[in-house]
Amino acid sequence: MTMTEQHVEPEGRNDADGARDDAPERRPGSEGPETPHERVNRRWNEILQETRVSQTGVQILFGFLLSVAFTPLFRELETLDRAIYVTTVVLGAAATGTLIAPVSIHRFLSGQRMKDELVETAGRLMMCGMVLLALTIGCTLLLILRFVVSGVLAEILVAGVMLWFGICWYALPLYLRRRADRRTREAGRS
């Protein structure tokens, strides 16, 4: 079996995190110790699920963006709106490529016993792809809202949405990570 292949146990059933149901050291609802091999497999499965969700969204958005250039109203876009559109399409293409990259990397490295490196690289690509996806959504929203609302309201709404993305996608996970680290340190002192 190669490191990039899924590790399958002959007995027991695996849950969503890859934990064996029949493993004696693991209790339902708690995280027990896992071997390095189990950990890398769990992390790879998590990345696969995250990639599936984000790829679908970015591909639908990118397809929509590509079709806009072929609509009759596209010819009426002002220079600024065309620049926003071009920026949005380029960001969408970059997001699509970045979020699909783990699949290509996996195909090239399959059987090379490099799963640890694959998981680390794929995780970084996912983070970069999510930033590019957020920027693509922001630019798409700006392009649409400039037609729907007048004045600076479009920019204000987009700034609010981007702030919300920043809170939900980045600030909240970082806060939760710090809180968990703090709890772990406090538990270690007791």
Side-chain angles (χ1 to χ4, degrees), residues 2-8 13-19 38-71 73-74 77 81-112 114-148 154 157-177:
T2 66
M3 290 297 292
T4 56
E5 291 175 346
Q6 193 64 10
H7 181 68
V8 179
R13 204 173 52 91
N14 291 344
D15 66 11
D17 291 328
E38 289 172 330
R39 182 172 187 265
V40 76
N41 279 332
R42 176 185 51 78
R43 290 181 66 210
W44 178 244
N45 285 330
E46 290 170 354
I47 287 173
L48 284 178
Q49 293 296 25
E50 294 162 0
T51 301
R52 286 181 185 119
V53 170
S54 59
Q55 279 179 355
T56 302
V58 76
Q59 288 171 338
I60 290 169
L61 178 59
F62 189 56
F64 162 76
L65 289 171
L66 292 177
S67 68
V68 168
F70 300 103
T71 63
L73 290 176
F74 184 78
L77 287 180
D81 293 324
R82 283 181 185 262
I84 293 170
Y85 174 77
V86 168
T87 301
T88 305
V89 169
V90 170
L91 286 169
T96 301
T98 304
L99 291 170
I100 293 175
V103 175
S104 176
I105 292 170
H106 179 261
R107 279 295 96 217
F108 276 97
L109 299 180
S110 182
Q112 300 299 310
M114 297 178 63
K115 198 169 205 178
D116 288 327
E117 293 88 350
L118 174 64
V119 167
E120 187 67 31
T121 302
R124 290 182 182 184
L125 284 166
M126 288 294 297
M127 289 301 297
C128 180
M130 294 304 291
V131 169
L132 291 168
L133 178 57
L135 292 172
T136 303
I137 293 170
C139 287
T140 302
L141 191 57
L142 179 61
L143 188 62
I144 292 169
L145 289 179
R146 284 179 48 85
F147 281 99
V148 178
L157 291 171
V158 170
V161 169
M162 295 308 292
L163 177 63
W164 183 248
F165 278 12
I167 291 169
C168 292
W169 291 7
Y170 302 101
L172 180 60
L174 288 174
Y175 166 75
L176 293 172
R177 178 189 287 176

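No experiment lies behind these values; they were computed from the predicted model shown.
Around CZ of R82, the count of heavy atoms belonging to other residues, nucleotides or ligands within 6.0 Å exceeds 12. For F147, the CZ atom is densely surrounded, since the number of other residues' heavy atoms within 6.0 Å is greater than 12. More than 12 heavy atoms of other shown residues, nucleotides or ligands fall within 6.0 angstrom of atom OH in Y170.
How far NZ of K115 is from NE2 of H106: 6.5 Å, rounded to the nearest 0.5 Å. Atom-to-atom distance recorded for I144:CD1 and F64:CZ is 4.5 Å, nearest 0.5 angstrom. In this structure, the separation between CG on L91 and OG1 on T96 is 10.5 Å, given to the nearest 0.5 Å. Rounding to the nearest 0.5 Å places CG of D81 at 6.0 Å from CG of L143. Expressed to the nearest 0.5 Å, how far CE of M130 lies from CZ of F165 amounts to 8.5 Å. Atom-to-atom distance recorded for N41:CG and E46:CD is 11.0 Å, nearest 0.5 angstrom.
E117 is linked by a salt bridge (Lys or Arg N to Asp or Glu O under 4.0 Å) to nothing, counting only residues two or more places apart in sequence or in another chain.
Between L125 and A101, the shortest heavy-atom contact is CD1-CB, 3.7 Å. Considering all non-hydrogen atoms of both residues, L99 and T51 come closest at O-CG2, 3.4 Å. Shortest non-hydrogen contact noted between W44 and A122 is CZ3-CB, 4.0 Å. Scanning both residues, T87 and C139, for their nearest heavy atoms gives CG2-SG, 4.3 Å. Minimum interatomic distance between W169 and A134 (heavy atoms only, all atoms of both residues): CZ3-CB, 3.5 Å.
In this structure, T98 contributes its side chain and G129 its backbone to no donor-acceptor pair below 3.5 Å. With T121 contributing its side chain and L118 its backbone, the two residues share no donor-acceptor pair below 3.5 Å. Here the side chain of T71 pairs a donor or acceptor atom with the backbone of V68 at under 3.5 angstrom.
The only member of L132, L133, I100, V53 that meets side-chain contact (heavy atoms from CB on, under 4.5 Å) when paired with V58 is L133.
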Check step by step if side chain to side chain contact (heavy atoms under 4.5 Å, CB included) holds for I137 and M162.
CA-CA 9 Å; I137 293 170; M162 295 308 292; 5.8 Å; no
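Ring-plane geometry between F74 and Y85 is classed as perpendicular, the angle between the planes exceeding 60 degrees on a 0 to 90 degree scale with a lower cut at 30.
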